[in-house]
Amino acid sequence: YVNNQIPTSQFNASALGLFKYMAIGGANSCGKLVYGLSLPQNEDQFIGRIDWTATAKQTVFGRYYLTHFKQPLTLNNNLLNTQNPVLDDRVQSFTLGHTYTLTSSLVSSLHLGWTRNIVSRNVPPDTINPNTLGIQTYAPIKNYLYMNVSNAFTVACGTCESLLNSTNGYNVLEDMF
């Protein structure tokens, strides 16, 4: 190539289209771009507790725990911001206990428990896919483009596909001692 420069007429149109979605204004004269990922996160945790001595032989207790973790992300016209998933996770736990002294040598202890986990992973809603760049390929996920340039950068992440997982657990325990 003349002067060691590739003519712009030989640039791939899809590759050029990709640069529209990257904040490369801060690159140095050699094209090196140093950037930091913003990772806004918020987690709220709540604990509730009740203890009640109903009689000299009978007590009741309850415990409640809730945690809600959010990690919102947005494209902001920069695909380099898509390396972390959008997260919205919630865990709740509740325990209710009842203890009753039947005799001086016999105690009944009942515990009821419930736990719920909800894990939600997504990609930012304004993320592009290969079709947006003019690449004619099947794109099964509407807003997803995974690309890894070795020793350079990654666009999107391997665990960013949409996922909603919910599990519930219950337990009942009666102890006589």
Side-chain angles (χ1 to χ4, degrees), residues 21-23 34-132 138-150 153-177:
Y21 297 95
M22 292 186 171
V34 177
Y35 66 97
L37 293 174
S38 71
L39 191 57
Q41 296 177 335
N42 186 39
E43 183 171 15
D44 297 313
Q45 295 183 354
F46 303 94
I47 296 176
R49 172 183 170 163
I50 59 166
D51 291 294
W52 177 45
T53 303
T55 67
K57 293 181 152 198
Q58 183 173 213
T59 60
V60 177
F61 76 89
R63 303 289 184 266
Y64 177 75
Y65 173 72
L66 166 70
T67 183
H68 189 191
F69 178 82
K70 290 186 123 184
Q71 180 175 287
L73 293 177
T74 184
L75 180 61
N76 283 339
N77 206 33
N78 186 357
L79 284 175
L80 300 175
N81 290 333
T82 63
Q83 295 181 30
N84 296 304
V86 175
L87 300 175
D88 188 359
D89 301 341
R90 178 179 290 211
V91 175
Q92 297 178 82
S93 176
F94 179 72
T95 301
L96 182 65
H98 177 259
T99 303
Y100 188 77
T101 305
L102 299 164
T103 67
S104 61
S105 61
L106 185 60
V107 176
S108 167
S109 179
L110 173 69
H111 294 109
L112 306 173
W114 168 78
T115 302
R116 178 176 220 177
N117 297 314
I118 299 174
V119 176
S120 173
R121 292 178 176 266
N122 286 294
V123 294
D126 50 352
T127 303
I128 64 172
N129 67 26
N131 301 139
T132 310
Y138 174 63
I141 302 173
K142 179 182 170 188
N143 298 327
Y144 189 71
L145 175 70
Y146 182 80
M147 180 176 55
N148 183 351
V149 178
S150 297
F153 63 88
T154 300
V155 171
C157 68
T159 60
C160 293
E161 294 85 1
S162 295
L163 164 78
L164 178 59
N165 184 18
S166 177
T167 57
N168 290 300
Y170 306 92
N171 62 53
V172 177
L173 176 65
E174 171 73 27
D175 286 326
M176 298 288 273
F177 52 93

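Between the Asp89 side chain and the Ser120 main chain, a donor and an acceptor come within less than 3.5 Å of each other. Within the 3.5 Å criterion, the main-chain N or O of Ser108 finds no donor-acceptor partner in the side chain of Glu174.
Under the rule for a side-chain contact (heavy atoms from CB on, under 4.5 Å), the partners of Asp175 that lie at least two apart in sequence or sit in another chain are Ser109, Leu173, Phe177.
Two residues are said to be in side-chain contact when any heavy atoms from C-beta on lie closer than 4.5 Å; Ile118 and Leu164 meet this criterion. Using a 4.5 Å heavy-atom cutoff, the side chains of Thr132 and Tyr21 are in contact. Looking only at side-chain heavy atoms (C-beta outward), Leu110 and Leu96 stay at 4.5 Å or farther from each other.
Here the CG-CE distance, from Leu106 to Met176, works out to 4.5 Å after rounding to the nearest 0.5 Å. Of the inter-residue distances, the one linking Phe94 atom CZ with Thr115 atom OG1 reads 11.5 Å to the nearest 0.5 angstrom. Note that the CZ atom of Phe69 and the CG atom of Asp44 stand 11.0 Å from one another [nearest 0.5 Å].
Pro72 and Pro40 make their closest contact through O-CG, 3.2 Å (heavy atoms, listed as atom of the first residue, atom of the second, distance). Across Trp114 and Asn168, no two heavy atoms sit closer than the pair NE1-OD1, 3.8 Å.
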Step by step, would you call Lys70 with Leu87 a side chain to side chain contact (heavy atoms under 4.5 Å, CB included)? CA-CA 5 Å; Lys70 290 186 123 184; Leu87 300 175; over 6 Å; no

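With 3.5 Å as the limit, one finds no donor-acceptor pair spanning the side chains of Gln41 and Glu43. A donor and an acceptor atom, one from each side chain of His68 and Asp88, are located under 3.5 Å apart.
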Sequence neighbours left out, cut at 3.5 Å: what donor-acceptor pairs do the side chains of residues 57-65 make with other protein atoms?
unit_1 : atom_1 : unit_2 : atom_2 : d
Gln58  : OE1    : His98  : NE2    : 2.6
Arg63  : NH1    : Ile50  : O      : 3.1
Arg63  : NH1    : Asp51  : OD1    : 3.3
Arg63  : NH2    : Asp51  : OD1    : 3.2
Tyr64  : OH     : Gln92  : OE1    : 2.6

